[in-house]
Structure formats: C-alpha cells, structure tokens
There are 2 protein chains.
Amino acid sequence: MYQQLKHIDIFKSLSNDALIEISKHVLGVTYPKGTILIHADKIEPYFYILQSGVARAYSDGENQQITFWFGESGSVLFSFNSYINNKPGYENIELLEDCALIQIKLADLFNLYHANIEIANWGRKIAEQELIATERRLIDRSFKGAAERYQDFSNHSPSLLKRVALKHIASYLGVTQVTLSRIRGGK
Amino acid sequence: MYQQLKHIDIFKSLSNDALIEISKHVLGVTYPKGTILIHADKIEPYFYILQSGVARAYSDGENQQITFWFGESGSVLFSFNSYINNKPGYENIELLEDCALIQIKLADLFNLYHANIEIANWGRKIAEQELIATERRLIDRSFKGAAERYQDFSNHSPSLLKRVALKHIASYLGVTQVTLSRIRGGK
DNA sequence: TTCATTTTTTAACAAATGTAAAAGGTGGGC
DNA sequence: GCCCACCTTTTACATTTGTTAAAAAATGAA
C-alpha cells in the first residue's frame, strides 16, 4: 500500500515515515457508478481519496437537488459534519462513474492526527485548501453573472464539463437547467 | 498575557502548556473604527483574534464592494491567501468599530504548528470550522431566497443587524441594497 | 436496430432582482 | 443648532432568471 500512496499527489508533501504510518490504515476500494458513498443525515465513518472517476456532493431540497461539489482524481471526499463535528452530515455523495478510492476510517485518521504532528499539519492544510476554494466560489456568486461562472467552469474543469450531466452543473453554478441552456445557446 | 488568553473562548480547548507556548508570541492591540487591518493584494503577516468590536472582509469589484464575512468577538481574522498559501490575498478587512484584538505573527504561528501537535490540531479545527460555515452559506445561496437569507441572518446575528450598515449586509446576503430594503419593507 | 428512458433545449409567461435617480433620514463636526 | 455627508428607502422601469410545459435530442438496454 505504501508504494501506491507514494504516487498520489495529496501525499507527496509527506515524509516516508508519515506515509508509512498512514499506509497501515488505508484500503484501496472500488465502487460502481451510481453508488451513494456518503449519505445525508448519517454519521459516515470513512474518509476517501478519489483515485479515478468523478463524484458529486448534493443536498436534497423540497423539489430540487443542489449539487455543490464535484470531485475528480486527487479530491478528498467525506461527510463534512461527520468529519468535523462527529454529527450527521447534510450532503450525499454519489459516484458519477465507476471509481477507485483510498479509504481510511475517520477514527484512525484522528488517531494519526493526535499521534503524528506531520500528519496533523497535513490534515490542517487539507481543510485550509478546501476553505479557500469554497470561499472563492461564494465570492464569485456575488461578483460574477451566471454566464461568466459557466465560462470559468468550462475553462477550469473542461473534463467535468464533458463527463457530468448539465443538470448537475447547472445547480453547481447556482442556476436552473433552463438558464444554463440559455447561456450555452448564447442567448 | 496567559491569564488573558485563558478566558477567550477559542483557546478554551487548549491545555495550559499549549496556551503558555502561544502566550509567549501574542500581543494585545487596539485599533480605531475605520482601520483597514488587512489589505488586498498584499501578503499580510499577522493573524488576529477579535476580542471586541466588529469587522468585515470585502473585495473590490469594478463598481461595487462585496462584503463576504463579518467578525464579532471571538472571530479569527486573517488574510486567507497569506495564511494558507503565503501569497497576496483578495480581501480587505475593515474595522467597523473600535476593536481590541489579539495579534500573532503568522511566522510564529506556523512555528508553533510545527513544534506542538496540540496547537497543530487546534489550527486544523479552526480551518475546519470556517470551512463548514462557508460551505453552508454557499449552499444556502442556492436553496434559500433572499428574504429567507435575511431572516436567518437577523435570527442568528441580531447584534450585527444593529451594528452594521445595511449596505454591507445586503452584499453579504448577495443582493443589492434596494432589494434588501424591499425585503425589510415586506414587499 | 428499436424502444423506452433520460437529458437537453426551446418557448411563453411570471416573478424576482437590478439600475438609476430622487427623496427622506441620520449623525458628526463646526 | 445647522449643515454636510452618508445611509436608507422609494419609485419607475429594465433585465435576468425562474416556472411550466412540451418538443427535440441523446442515451442505453434488449
């Protein structure tokens, strides 16, 4: 397992010693397209790193589903509220393709955080990177119109644009599917 | 300084030993209303904890300012991109009242993160809490209408509603001042 | 292929929000 | 107290986006 982790981007900042510690607790898993890996309103005990495939996080509203996150190879994938507050989360995570993932129990990860200072700081940086990306998206919702957000998305994530249904991209961008269709049609 | 930190909420999860370590590097400071404590496009070298007063973070657009964060007593206050990536940030932070703050150099804080595992995990939790709050706001922008976002804001932050100019609250909620005025008028 | 299902686009209309300008309100400094 | 600057509300109109429904296009399984 150690040999495998070594080549994954997110682990590249770690020393060999730290990586060996982590590798004792991880498992490679695969799930088919359509799997709901994380369920809303449940405490989900695993943390995943996506190695191949695409996933989305969404919440259910009264008459709509809002997709608010996409993951591709290299993304970390977990129930925010389970991970952070040990409480049931608000998001479902669905695999949009067959996926290969690295799996680690939250309990094991927390033990590592409290036993190994290098891993604790690695975990800190993961949260910080997610934070800055999320805040940028929030700000963009105010500054940029829907058309510009769509352009940015196509520029930064051309592969998601090809692989993910437009209805999911529409809600990710904060518009209805009809509006996204209008934007794409250039009207 | 240690005696002072002891009574601040954000430090309450720390052991005495860790708090003593931190207290060696912090300084209590005060700044008047109107001070721009953090400047966009600069690497800002300090991390602050707000003890009294109110602050806002905003970015400048072409013909508007977007406020995307408010801080009250207990909030942490720093340039995200300086702190996380050691690069110039995108936000200005303005004090909306006279403020008392605890100040610590980022360089010192990072040294503490790498020297003390308890402080490293404390820093991890700070980022995680900001992350979950920011993601919730992003999701609420899709699920809730402007009127409901305003209601939530008044319920959760009645004191901000009293102390902060409505034009700042409007952009925080993602609407124009005219729309906010309409919502408040019940129309 | 063909059929059934799902996704995407289009259309017509309704609702929400934005823009610009004016009027009213508020508070600080002289 | 008065004036000035700034903040908030109001009005009228323009624009964007949403809603609903239907048609067209794409997808996938037998």
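So you know, we letter chains A, B, ... as the sequences are listed, proteins then strands, and number each from 1. These values consider heavy atoms only, across backbone and side chains, with no hydrogens, waters or symmetry-generated copies.
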Chemist: Membership question, hydrophobic clusters at under 4.5 Å side-chain separation (ILVMFWY): are A:Leu131 and B:Phe70 in the same one?
Modeler: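 Different hydrophobic clusters.
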Chemist: Should the ring pair B:Tyr46 and B:Tyr48 be called parallel, tilted or perpendicular, given that the plane angle runs from 0 to 90° and is split at 30 and 60?
Modeler: tilted
Chemist: So, OP1 or OP2 of C:dG18: does either fall under 4.0 Å of a side-chain N or O from B:Thr179?
Modeler: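 Checking B:Thr179 against C:dG18: at least one side-chain N or O falls below 4.0 Å of OP1 or OP2.
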Chemist: To the nearest 0.5 Å, what is the distance between NZ on B:Lys24 and CD1 on B:Ile104?
Modeler: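 Reported value, rounded in 0.5 Å steps: 12.0 Å.
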Chemist: Do nucleotides 21-30 of chain C as a string where each nucleotide becomes B, S or -: B if the base has a protein heavy atom under 4.0 Å, S if just the sugar-phosphate does, - if no protein is that close.
Modeler: ----------
Chemist: Ring centres of B:Phe110 and B:Tyr83 under 6.0 Å apart?
Modeler: yes
Chemist: To 10°, what angle do the rotation axes through the five end pairs on each side of the helix from C:dT1-D:dA30 to C:dC30-D:dG1 form?
Modeler: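 Both end axes considered, the difference amounts to 50°.
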Chemist: Between the side chains of B:Arg149 and B:Asp152, is the shortest nitrogen-to-carboxylate-oxygen separation below 4.0 Å, so that they form an ion pair?
Modeler: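 Not counted as a salt bridge, because no side-chain N and carboxylate O are separated by less than 4.0 Å.
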Chemist: Establish, with yes or no, whether the OP1 or OP2 oxygen of D:dG18 is under 4.0 angstrom from a side-chain nitrogen or oxygen of A:Thr176.
Modeler: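 So the side-chain polar atoms of A:Thr176 do come within 4.0 Å of the phosphate oxygens OP1 or OP2 of D:dG18, strictly under.
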Chemist: Does anything in residues 29-46 of chain A pair up under salt bridge (Lys or Arg N to Asp or Glu O under 4.0 Å), and if so which pairs, sequence neighbours excluded?
Modeler: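 Qualifying pairs, neighbours excluded: none.
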Chemist: Send over the distance from B:Leu180 CG to C:dG18 P, rounded to a whole Å.
Modeler: 10 Å
Chemist: According to side-chain hydrogen bond (donor to acceptor under 3.5 Å, both in side chains), who are the partners of B:Tyr150, at least two apart in sequence or on a separate chain?
Modeler: B:Arg184
Chemist: Tell me: CD1 of A:Ile183 to P of D:dT17, nearest whole Å?
Modeler: 6 Å
Chemist: Could you state the atom-to-atom distance from CD of B:Gln64 to P of C:dA20 in whole Å?
Modeler: 12 Å
Chemist: List for me each residue that meets salt bridge (charged side-chain N to carboxylate O under 4.0 Å, His left out) alongside B:Glu128, sequence neighbours excluded, and say none if there are none.
Modeler: B:Arg124
Chemist: Rounded to whole angstroms, how far apart are CZ on A:Arg184 and P on C:dT8?
Modeler: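 So the two atoms are 8 Å apart, to the nearest Å.
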Chemist: Send over the distance from B:Tyr150 OH to C:dA16 P, rounded to a whole Å.
Modeler: 18 Å
Chemist: Nearest-Å distance, CD (B:Gln65) to C1' (D:dC7)?
Modeler: 14 Å
Chemist: Could you tell me whether the side chain of B:Asn116 and the main chain of B:Ala18 form a donor-acceptor pair under 3.5 Å?
Modeler: no
Chemist: Among residues 157-173 of chain A, which ones have heavy-atom contacts with DNA chain C below 4.0 Å?
Modeler: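 The stretch gives A:Ala165, A:Leu166, A:Lys167 as the residues lying under 4.0 Å from the strand, ordered by number.
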Chemist: Please say yes or no: joined through hydrophobic side-chain contacts below 4.5 Å, possibly via intermediate residues, are A:Ile36 and A:Val29 part of one cluster?
Modeler: no
Chemist: Expressed as a whole number of angstroms, how long is the span from B:Gln177:CD to D:dC6:P?
Modeler: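 Spelled out: CD on B:Gln177 to P on D:dC6 is 14 Å.
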Chemist: Are any of the side-chain nitrogens in B:Arg137 or B:Asp140 under 4.0 Å away from the carboxylate oxygens of its partner?
Modeler: no
Chemist: Grab the CZ-C1' distance between B:Phe143 and D:dG18 for me, whole Å please.
Modeler: 16 Å
